[in-house]
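This is a predicted model, so every value here is computed, not measured. Worth knowing before you read on, the calculation uses all heavy atoms, side chains too, and leaves out hydrogens, waters and symmetry mates.
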Amino acid sequence: MPSPETFELYEEYAVGIGVSHRKADEAYIAAAREAGLLVHPFVVDKLAEGEKLKSWGANGIFTNDIDAVSRLK
């Protein structure tokens, strides 16, 4: 996981980051959000995975299967 300083560097030139859903965990999302970044994991094609990421604080997701995750709110 990037250090808090790295997330702060990202925040200097970006409003958010994309991260593989396989590498994102609750601590990663919390650290990025604490640095002021939006977090959009990719590629999330299962509703359960999207729900888990949302519960951890992800702002949105990238998907290839909108039908599979369409109930995510």
Side-chain angles (χ1 to χ4, degrees):
M1 177 169 68
S3 69
E5 294 82 14
T6 300
F7 282 125
E8 289 171 11
L9 287 172
Y10 295 161
E11 198 268 334
E12 288 181 23
Y13 63 86
V15 298
I17 57 173
V19 60
S20 169
H21 76 90
R22 291 183 179 99
K23 295 189 184 256
D25 60 19
E26 191 168 10
Y28 183 100
I29 293 171
R33 297 284 308 267
E34 188 172 313
L37 295 164
L38 300 172
V39 180
H40 291 84
F42 60 84
V43 172
V44 181
D45 292 334
K46 295 182 179 174
L47 181 61
E49 187 68 28
E51 289 172 335
K52 177 177 69 174
L53 291 161
K54 181 179 177 184
S55 76
W56 290 347
N59 300 97
I61 61 168
F62 291 100
T63 185
N64 290 322
D65 190 350
I66 193 67
D67 292 333
V69 296
S70 64
R71 293 188 323 195
L72 186 61
K73 296 185 186 215

Only pairs under 3.5 Å count here: list side-chain donor-acceptor contacts from residues 25-40, not counting sequence neighbours, and write none if there are none.
| residue | atom | partner | partner atom | Å |
| --- | --- | --- | --- | --- |
| Asp25 | OD1 | Ala27 | N | 3.2 |
| Asp25 | OD1 | Tyr28 | N | 2.8 |
| Arg33 | NH1 | Gly57 | O | 2.4 |

Item checked: Leu47 with Trp56, same ILVMFWY side-chain cluster at under 4.5 Å ->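 Linked within one cluster.
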**Item:** Test item: Val69 and Asp45 side chains (from C-beta on) under 4.5 Å apart, heavy atoms
**Value:** no
In short, Gly60 meets Pro41 closest at the heavy-atom pair O-CD, 3.1 Å
All heavy atoms of Ala24 vs all of Leu53, minimum pair found to be CB-CD2, 4.2 Å
In a table with atom names and distances, give each donor-acceptor pair under 3.5 Å that connects a side chain of residues 12-21 to protein atoms at least two apart or in another chain.
| residue | atom | partner | partner atom | Å |
| --- | --- | --- | --- | --- |
| Ser20 | OG | Arg22 | N | 3.2 |
| His21 | ND1 | Glu49 | OE2 | 3.4 |
| His21 | NE2 | Val43 | O | 3.4 |

*Could you tell me the separation between the CD1 atom of Ile61 and the NZ atom of Lys46, rounded to the nearest 0.5 Å?*
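Reported to 0.5 Å precision, the distance equals 13.0 Å.
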Identify, with sequence neighbours excluded, every residue that meets side chain to side chain contact (heavy atoms under 4.5 Å, CB included) alongside Thr6.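 By the side chain to side chain contact (heavy atoms under 4.5 Å, CB included) rule, Thr6 matches Pro2, Ser3, Tyr10.
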